[in-house]
Amino acid sequence: SSGINAEWPLRPGKNITKKQELPRQVIVGRSMRARKKYVTLVRGLKTCDMNLKKCGKAFGQKFACGSSVTGDDEITVQGDVVDEMMDFIVEELGIEEDLVVDGGDIKD
(Lines give C-alpha, C1' and ligand atoms only; values in the text may rest on other atoms or scores of the structure.)
Protein backbone atom coordinates (compact mmCIF):
# COMPACT_ATOMS: atom_id res chain seq x y z
CA SER A 1 0.00 0.00 0.00
CA SER A 2 2.97 2.34 0.39
CA GLY A 3 3.41 2.32 -3.40
CA ILE A 4 -0.07 3.81 -3.88
CA ASN A 5 0.56 6.58 -1.35
CA ALA A 6 3.89 7.46 -2.98
CA GLU A 7 2.22 7.77 -6.40
CA TRP A 8 -0.66 9.95 -5.27
CA PRO A 9 1.02 13.38 -4.89
CA LEU A 10 2.87 12.93 -8.18
CA ARG A 11 -0.35 13.34 -10.20
CA PRO A 12 -1.21 17.05 -10.03
CA GLY A 13 -4.52 18.20 -11.48
CA LYS A 14 -6.23 14.85 -10.91
CA ASN A 15 -8.69 16.16 -8.32
CA ILE A 16 -9.50 19.51 -9.92
CA THR A 17 -13.23 19.78 -10.51
CA LYS A 18 -14.94 21.69 -13.30
CA LYS A 19 -16.66 23.96 -10.78
CA GLN A 20 -13.36 25.77 -10.21
CA GLU A 21 -12.78 26.25 -13.93
CA LEU A 22 -16.25 27.52 -14.87
CA PRO A 23 -17.27 31.07 -14.00
CA ARG A 24 -20.38 31.39 -11.84
CA GLN A 25 -22.92 32.52 -14.40
CA VAL A 26 -26.49 31.60 -15.33
CA ILE A 27 -27.37 32.11 -19.01
CA VAL A 28 -31.05 32.40 -19.95
CA GLY A 29 -31.84 32.35 -23.65
CA ARG A 30 -34.43 31.14 -26.10
CA SER A 31 -34.26 28.73 -28.97
CA MET A 32 -36.70 28.34 -31.84
CA ARG A 33 -38.54 25.02 -31.91
CA ALA A 34 -41.14 24.71 -34.68
CA ARG A 35 -42.51 27.61 -36.73
CA LYS A 36 -43.17 30.42 -34.19
CA LYS A 37 -42.70 28.28 -31.08
CA TYR A 38 -39.87 28.91 -28.65
CA VAL A 39 -38.29 27.15 -25.70
CA THR A 40 -36.39 28.93 -22.95
CA LEU A 41 -32.97 27.47 -22.12
CA VAL A 42 -31.37 27.94 -18.70
CA ARG A 43 -27.68 27.07 -18.48
CA GLY A 44 -25.18 27.38 -15.65
CA LEU A 45 -27.33 26.66 -12.59
CA LYS A 46 -24.87 23.95 -11.57
CA THR A 47 -22.11 26.55 -11.24
CA CYS A 48 -24.25 28.13 -8.50
CA ASP A 49 -24.73 24.77 -6.73
CA MET A 50 -28.42 24.43 -7.62
CA ASN A 51 -30.30 21.12 -7.87
CA LEU A 52 -31.35 20.99 -11.55
CA LYS A 53 -34.28 18.60 -10.99
CA LYS A 54 -35.81 20.78 -8.27
CA CYS A 55 -35.25 23.95 -10.33
CA GLY A 56 -36.88 22.35 -13.38
CA LYS A 57 -39.92 21.38 -11.32
CA ALA A 58 -40.17 24.90 -9.86
CA PHE A 59 -39.96 26.45 -13.35
CA GLY A 60 -42.74 24.18 -14.63
CA GLN A 61 -45.01 25.08 -11.71
CA LYS A 62 -44.27 28.81 -11.88
CA PHE A 63 -44.81 29.18 -15.64
CA ALA A 64 -47.51 26.48 -16.01
CA CYS A 65 -45.60 24.66 -18.73
CA GLY A 66 -43.42 21.65 -19.44
CA SER A 67 -39.88 21.78 -18.10
CA SER A 68 -37.09 19.23 -18.28
CA VAL A 69 -33.41 18.79 -17.53
CA THR A 70 -31.94 18.29 -21.02
CA GLY A 71 -28.18 18.37 -20.57
CA ASP A 72 -25.44 18.17 -18.00
CA ASP A 73 -26.17 21.75 -16.96
CA GLU A 74 -29.22 22.79 -18.99
CA ILE A 75 -32.96 23.07 -18.34
CA THR A 76 -35.46 23.51 -21.18
CA VAL A 77 -38.75 25.31 -20.42
CA GLN A 78 -41.55 25.36 -22.99
CA GLY A 79 -42.49 28.86 -24.13
CA ASP A 80 -40.71 32.20 -24.43
CA VAL A 81 -40.40 33.22 -20.77
CA VAL A 82 -36.86 34.67 -20.77
CA ASP A 83 -37.63 37.95 -18.95
CA GLU A 84 -39.86 36.33 -16.35
CA MET A 85 -37.31 33.53 -15.90
CA MET A 86 -34.51 35.99 -15.14
CA ASP A 87 -36.66 37.70 -12.48
CA PHE A 88 -37.67 34.33 -11.00
CA ILE A 89 -34.07 33.09 -10.78
CA VAL A 90 -32.98 36.22 -8.92
CA GLU A 91 -36.00 36.51 -6.60
CA GLU A 92 -36.91 32.88 -5.85
CA LEU A 93 -33.63 30.99 -6.23
CA GLY A 94 -31.57 33.71 -4.57
CA ILE A 95 -28.90 33.94 -7.26
CA GLU A 96 -27.25 37.36 -7.51
CA GLU A 97 -28.61 39.57 -10.30
CA ASP A 98 -25.19 40.24 -11.87
CA LEU A 99 -24.69 36.47 -12.38
CA VAL A 100 -27.88 36.10 -14.47
CA VAL A 101 -27.26 36.93 -18.15
CA ASP A 102 -29.67 37.20 -21.09
CA GLY A 103 -28.23 34.89 -23.74
CA GLY A 104 -30.61 36.12 -26.45
CA ASP A 105 -31.37 33.66 -29.25
CA ILE A 106 -29.37 30.48 -28.73
CA LYS A 107 -28.77 28.38 -31.83
CA ASP A 108 -28.15 24.69 -31.13
Side-chain angles (χ1 to χ4, degrees):
S1 71
S2 63
I4 294 171
N5 290 339
E7 239 179 80
W8 182 75
L10 300 175
R11 298 178 67 188
K14 185 85 173 100
N15 297 326
I16 295 174
T17 60
K18 284 187 178 178
K19 273 185 197 165
Q20 293 167 342
E21 297 166 19
L22 293 172
R24 285 187 46 167
Q25 188 177 56
V26 179
I27 301 165
V28 181
R30 68 180 194 170
S31 179
M32 195 155 203
R33 199 167 51 88
R35 294 183 214 93
K36 293 177 184 170
K37 302 280 185 182
Y38 288 95
V39 292
T40 300
L41 300 173
V42 183
R43 293 178 176 159
L45 285 171
K46 241 185 199 176
T47 62
C48 298
D49 298 325
M50 302 302 291
N51 181 330
L52 293 185
K53 254 187 165 172
K54 287 183 180 176
C55 288
K57 190 161 175 72
F59 295 157
Q61 288 175 343
K62 164 72 177 165
F63 302 111
C65 64
S67 172
S68 61
V69 178
T70 51
D72 181 41
D73 193 8
E74 180 180 83
I75 298 176
T76 302
V77 180
Q78 293 177 0
D80 182 3
V81 290
V82 174
D83 297 333
E84 298 93 327
M85 180 65 77
M86 291 176 74
D87 295 338
F88 182 75
I89 289 172
V90 171
E91 291 164 17
E92 299 295 321
L93 301 183
I95 294 174
E96 297 157 45
E97 197 166 351
D98 55 330
L99 296 179
V100 183
V101 178
D102 187 346
D105 285 355
I106 298 174
K107 300 277 186 264
D108 280 335

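Quick caveat: nothing in here was measured; it's all calculated off a predicted structure. All heavy atoms count here, side chains included; hydrogens, waters and symmetry mates do not. Numbers here are sequence positions counted from 1.
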_Strictly distance-based, threshold 3.5 Å: is any side-chain N or O of S31 a donor or acceptor partner for the main-chain N or O of V39?_
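No, the answer is negative, given that no donor and acceptor are paired below the 3.5 Å cut-off.
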*How long is the span from the OG1 atom in T47 to the CD1 atom in I95, to the nearest 0.5 Å?*
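Answer for the OG1-CD1 pair, T47 versus I95, is 7.5 Å.
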Are the side chains of [Y] and [X] in contact, using a 4.5 Å heavy-atom criterion?
{"X": "V100", "Y": "M85", "value": "no"}
{"X": "M86", "Y": "V90", "value": "no"}
{"X": "I106", "Y": "R43", "value": "yes"}

Smallest separation among heavy atoms of [X] and [Y], with atom names:
{"X": "D73", "Y": "K46", "answer": "OD1-N, 2.9 Å"}
{"X": "I75", "Y": "S67", "answer": "CG2-OG, 3.6 Å"}
{"X": "L52", "Y": "V69", "answer": "O-CG2, 3.7 Å"}
{"X": "V26", "Y": "G44", "answer": "CG2-O, 3.9 Å"}
{"X": "C48", "Y": "L99", "answer": "SG-CD1, 4.4 Å"}

_Set of ring-ring contact (aromatic ring centres under 6.0 Å, His included) partners for F63, sequence neighbours left out_ =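 Partners of F63 under the ring-ring contact (aromatic ring centres under 6.0 Å, His included) test: F88.
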*For T76, enumerate each residue passing the side-chain hydrogen bond (donor to acceptor under 3.5 Å, both in side chains) test, keeping only those at least two apart in sequence or located in another chain.*
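Expected list: T70.
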*Show which residues join Y38 in its hydrophobic cluster (side-chain heavy-atom contacts under 4.5 Å, direct or indirect), or state none.*
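Taking Ile, Leu, Val, Met, Phe, Trp and Tyr as members, Y38 shares its hydrophobic cluster with M32.
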*Which residue pairs pass the side-chain hydrogen bond (donor to acceptor under 3.5 Å, both in side chains) test with at least one member in residues 77-103, sequence neighbours excluded?*
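Output for this query lists R30-D80.
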*Are L41 and V82 in one and the same hydrophobic cluster, where Ile, Leu, Val, Met, Phe, Trp and Tyr link if side-chain heavy atoms are under 4.5 Å apart?*
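L41 and V82: separate clusters.
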_Qualifying salt bridge (Lys or Arg N to Asp or Glu O under 4.0 Å) pairs, either residue in residues 51-61, two or more places apart_ =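 Residue pairs with at least one partner in residues 51-61: there are none.
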